[in-house]
Every structure is written in C-alpha cells, then in structure tokens.
Novice: 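Pasting a structure here, questions to come.
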Amino acid sequence: MFRSNIPSSEITPKHVYLSRRDFMKAAGVVGAGALLAACAPNAATETAPSVLPDVPNTLEDITNYNNYYEFSTDKEAVAPLSKNFQTRPWDVEVSGLVNNPKTYAIEDLLKKFPQEERIYRLRCVEAWSMVIPWMGFSLAKLLTEVEPTSDAKFVRFEAVYRPEEMPGLKSPFYDWPYQEGLRLDEAMNDLTLLATGLYGNLLPNQSGAPLRLVVPWKYGFKSIKGIVKIALTDTQPKTLWSTASPNEYGFYSNVNPNVSHPRWSQSSERRIGDLARRPTLMFNGYEEQVAYLYDGMDLAKYY
Ligand SMILES: Nc1nc2c(c(=O)[nH]1)N[C@H]1C(S)=C(S)[C@@H](COP(=O)(O)O)O[C@H]1N2
Ligand SMILES: [Mo]
C-alpha cells in the first residue's frame, strides 16, 4: 500500500478505496488469525497481527478520532469543537537561518508546490495507529527555496495560538503555542511531508488545516498541526511534549518497539478499525528510508 513520489499528474482526483472490511474479505485475512492461533496458541495475539494488511482508514475514522490539544484532549471532541475554526486568511512565516526568508499565504504554497498523494502510517505514542492518504509536498522543497545557511542545523515549527477559537489553550499544563522540531537532515528527508489535504480534498480542521507536518517514522505528536511559523535554527528547538514531560518524550521520538514509554510498552499497537493488535515496526516500518539518519546513535538514549 505504501506509495510515495507519485507525480500529481498521475493521481486520479477522486479515489475509490475498498472499505476496510471488503479489503480484509478480498484478501482472505479473516481466517488467517484463527489459523495462526491454532498453530501457535501462546503467540497468537503477537503473531496473527503481522498478516494484517495496511488498508487506509476511512475518512470517518480519520476525522473523528484526533489529537489536537488546542481544542480538546478528548479525541472525539476535536471534530465538533474545531468546526468553525477560521483557516483563511492564513500566512506561514519561514525565517531564521535562511538566505531567503519569506511569508507565504497558504494559497501560494498550494499553487507553488505540486500536491502529491502519500499514504502513510501514523503511529501515536498512545499505541494506536492509522493509515492515512495525505495530500501535500515534501518539506525539502520549501526549505530548498528559502536556502538554509550553513549554520542551520534544526527546523522549528510553531502552531497557531488563538485562545478565542481554541478552548483547549486554557489548559495550564502545556507550554503554548504547540511547537515541534526536527534536525535539518530529518527535515530534508523526502518522506517528511507538509500536508495540505486528505483523501484528495483540503485538510479538515481537526486534521490540522490548512497546513500540518507529517513525519511518518516518528510518534504522531511530532506531526504538528496548524503551522504558522517555520524557523531554521542552530540549536535544538524546545518541543511542547519534551517540555511537559522530558523523561517520557524526547526530541527524536522515533517509533521504536524496543524502547518502552515509562508507563507502557511500545512493542505493539492497535490499528483503529482492527480487533487484533499488531507488532510495532522499527521506525514505524520506514527503516529502509530513514535508518541512515541515526547511524551510530544510541536510540535508547536519544529517544
Ligand atoms: N498543533 C497540534 N498538533 C498536533 C497535536 C496537537 O495537540 N496540537 N497532536 C499530535 C498528536 S499526539 C498526534 S497523534 C497527531 C494526530 O494527528 P491526526 O489527528 O491527524 O491523526 O497530531 C499531532 N499534532
Ligand atoms: Mo499522539
């Protein structure tokens, strides 16, 4: 199911996706779990999930089970609470250690960079996951245009802060605005996406409209929504989650089944819409594309 680098010209605007249940039926997956369970009763729950295919989640699931703490910590409340959030006009400031700082209106970004579809797994740190057909463009394209200087080592992202429209911002537990960061080489990897759409349409508010990051090999919280600022820096940026709870959330936050969260295991996950759990894959299954970024690093130390 994984596709990337598909030119927008090759994408049919209205996709027809098999429903999850139809796909499972067609693939004959229904019986596989039972079969494996019979062969290896003790390992049944750990073994059976690995045969489950990566089917895109429904738009219904993707847009009614969201983490967006500026609105609410209740995943099902984000959709209704964000319904009237205003995403136009919307400017994105790209600044810091770059030769060509620029503020882009969202329309300019949509016009300037061809939008391609990327079907990515999103693995939340809470041990659930989804498969999401995004639309967007590689962050690398935008960074190349603003030209990071030779001093630039990191990219800092800042989300919109609008307390009058975002009731969750009243929470005193977090250091608002939501911010995130990547090392420059992580940001330049082609997988790193600035997402503008979902299932061929513009992003719904609850998914981070009009612009959010998607870093598919990292825990979901790195994929910051409602981006208004992108800045190149020479020091590692602060992030909301590592500030809130540094021993639970580090700067890197690469999906790693071998490094537990202090309060729960990360070795398996529940795919929204599936009954059985499945094993969590190193780098969320994108090891081949991103492992080189961490050569020689102790990933238990740099979690
Ligand atoms: N601005 C902002 N971005 C955010 C969050 C948030 O609370 N605020 N939550 C993060 C978390 S924890 C996850 S798992 C993903 C969820 O993205 P989704 O709702 O599109 O699945 O968004 C991330 N981006
Ligand atoms: Mo998350």
Side-chain angles (χ1 to χ4, degrees), residues 56-83 85 87 90 92 118-136 156-163 165-171 173-182 192-199 201-230 237-245 248-250 253-255 261 263-264 266 269-273 280 284:
N57 282 90
T58 60
L59 185 62
E60 178 72 14
D61 280 348
I62 294 170
T63 57
N64 288 288
Y65 192 82
N66 300 101
N67 273 334
Y68 202 162
Y69 278 33
E70 287 89 330
F71 290 102
S72 175
T73 55
D74 173 353
K75 289 183 238 310
E76 286 165 26
V78 172
L81 285 171
S82 63
K83 217 171 110 200
F85 181 66
T87 61
W90 191 282
V92 182
R118 302 275 186 96
I119 300 177
Y120 282 161
R121 288 180 285 274
L122 182 141
R123 170 56 157 81
C124 180
V125 73
E126 298 161 319
W128 51 265
S129 62
M130 290 206 212
V131 177
I132 304 180
W134 302 108
M135 298 295 297
R156 175 182 175 274
F157 303 85
E158 187 178 310
V160 63
Y161 177 82
R162 257 192 248 154
E165 288 177 75
M166 303 174 116
L169 288 172
K170 289 194 195 80
S171 170
F173 299 113
Y174 302 102
D175 183 22
W176 308 110
Y178 198 104
Q179 27 176 330
E180 257 308 334
L182 294 173
T192 303
L193 190 74
L194 278 173
T196 55
L198 192 54
Y199 267 110
N201 293 309
L202 290 176
L203 280 179
N205 291 343
Q206 61 268 43
S207 303
L211 189 73
R212 58 94 54 90
L213 189 68
V214 186
V215 193
W217 71 95
K218 293 177 180 282
Y219 291 117
F221 62 83
K222 298 295 284 185
S223 293
I224 180 173
K225 300 176 176 183
I227 296 171
V228 292
K229 278 188 196 163
I230 300 174
K238 270 207 313 186
T239 73
L240 178 130
W241 285 104
S242 63
T243 302
S245 190
E248 294 180 311
Y249 310 110
S253 297
N254 292 315
V255 173
H261 183 280
R263 291 182 281 135
W264 61 82
Q266 294 290 16
E269 67 202 58
R270 183 174 62 93
R271 176 67 49 80
I272 301 303
T280 285
N284 200 24

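In listed order, ligands and their atoms are each counted from 1.
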Novice: Considering non-hydrogen atoms of the protein only, which is the closest contact for atom 6 (C) of ligand 1, and what is the distance?
Specialist: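 Closest protein heavy atom to atom 6 (C) of ligand 1: Tyr178 CE1, 3.2 Å.
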Novice: Could you check atom 1 (N) of ligand 1 against the protein and tell me its nearest heavy-atom contact, residue, atom and distance included?
Specialist: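 Protein heavy atom with the smallest distance to atom 1 (N) of ligand 1: Glu70 OE2, 2.9 Å.
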Novice: What protein heavy atom sits nearest atom 24 (N) of ligand 1, and how far away is it?
Specialist: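 Heavy-atom neighbour on the protein nearest atom 24 (N) of ligand 1: Ser223 O, 2.8 Å.
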Novice: For atom 15 (C) of ligand 1, which protein heavy atom lies nearest, and how many Å away is it?
Specialist: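 Of every protein heavy atom, Gly220 O, 3.5 Å lies nearest to atom 15 (C) of ligand 1.
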Novice: Does Thr87 form a side-chain contact (heavy atoms from CB on, under 4.5 Å) with Leu202? I'd like the steps, not just the answer.
Specialist: CA-CA 11 Å; Thr87 61; Leu202 290 176; over 6 Å; no
Novice: At what distance is the nearest protein heavy atom to atom 14 (S) of ligand 1, and which residue and atom is it?
Specialist: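 For atom 14 (S) of ligand 1, the nearest protein heavy atom is Cys124 SG, 3.6 Å.
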Novice: Considering only the protein, which heavy-atom contact is closest to atom 18 (P) of ligand 1, and what is its distance?
Specialist: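 Going atom by atom, the protein heavy atom closest to atom 18 (P) of ligand 1 ends up being Lys225 NZ, 3.4 Å.
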Novice: Once the angle between the rings of Phe221 and Tyr219 is folded into 0 to 90°, is it parallel (under 30°), tilted (30 to 60°) or perpendicular (over 60°)?
Specialist: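 Phe221 vs Tyr219 ring planes: parallel.
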Novice: Among all protein heavy atoms, pick out the one at the shortest distance from atom 7 (O) of ligand 1; state its residue, atom name and that distance to 0.1 Å.
Specialist: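 Here the closest protein heavy atom is Tyr69 N, 2.7 Å.
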Novice: Taking non-hydrogen atoms only, is Met130 closer than 4.0 angstrom to ligand 1 via side chain, backbone, both or neither?
Specialist: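 Near ligand 1, Met130 shows nothing, with every heavy atom at 4.0 Å or more.
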Novice: Going by the atom numbers of ligand 1, which of them fall below 4.0 Å from some non-hydrogen atom of Ile224?
Specialist: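 Reading through ligand 1 atom by atom, the close ones are 3 (N), 24 (N).
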Novice: So if I count the atoms of ligand 1 from 1 in the order they appear, which ones are less than 4.0 Å from some heavy atom of Ala159?
Specialist: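 Ligand 1 atoms under the 4.0 Å threshold to Ala159: 1 (N).
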Novice: Just to confirm my output: which protein heavy-atom neighbour is closest to atom 20 (O) of ligand 1, and how far is it?
Specialist: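 Of every protein heavy atom, Arg212 NH1, 2.9 Å lies nearest to atom 20 (O) of ligand 1.
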Novice: May I ask whether Gly226 places a heavy atom under 4.0 Å from ligand 1?
Specialist: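 It does not; every heavy atom stays at 4.0 Å or beyond.
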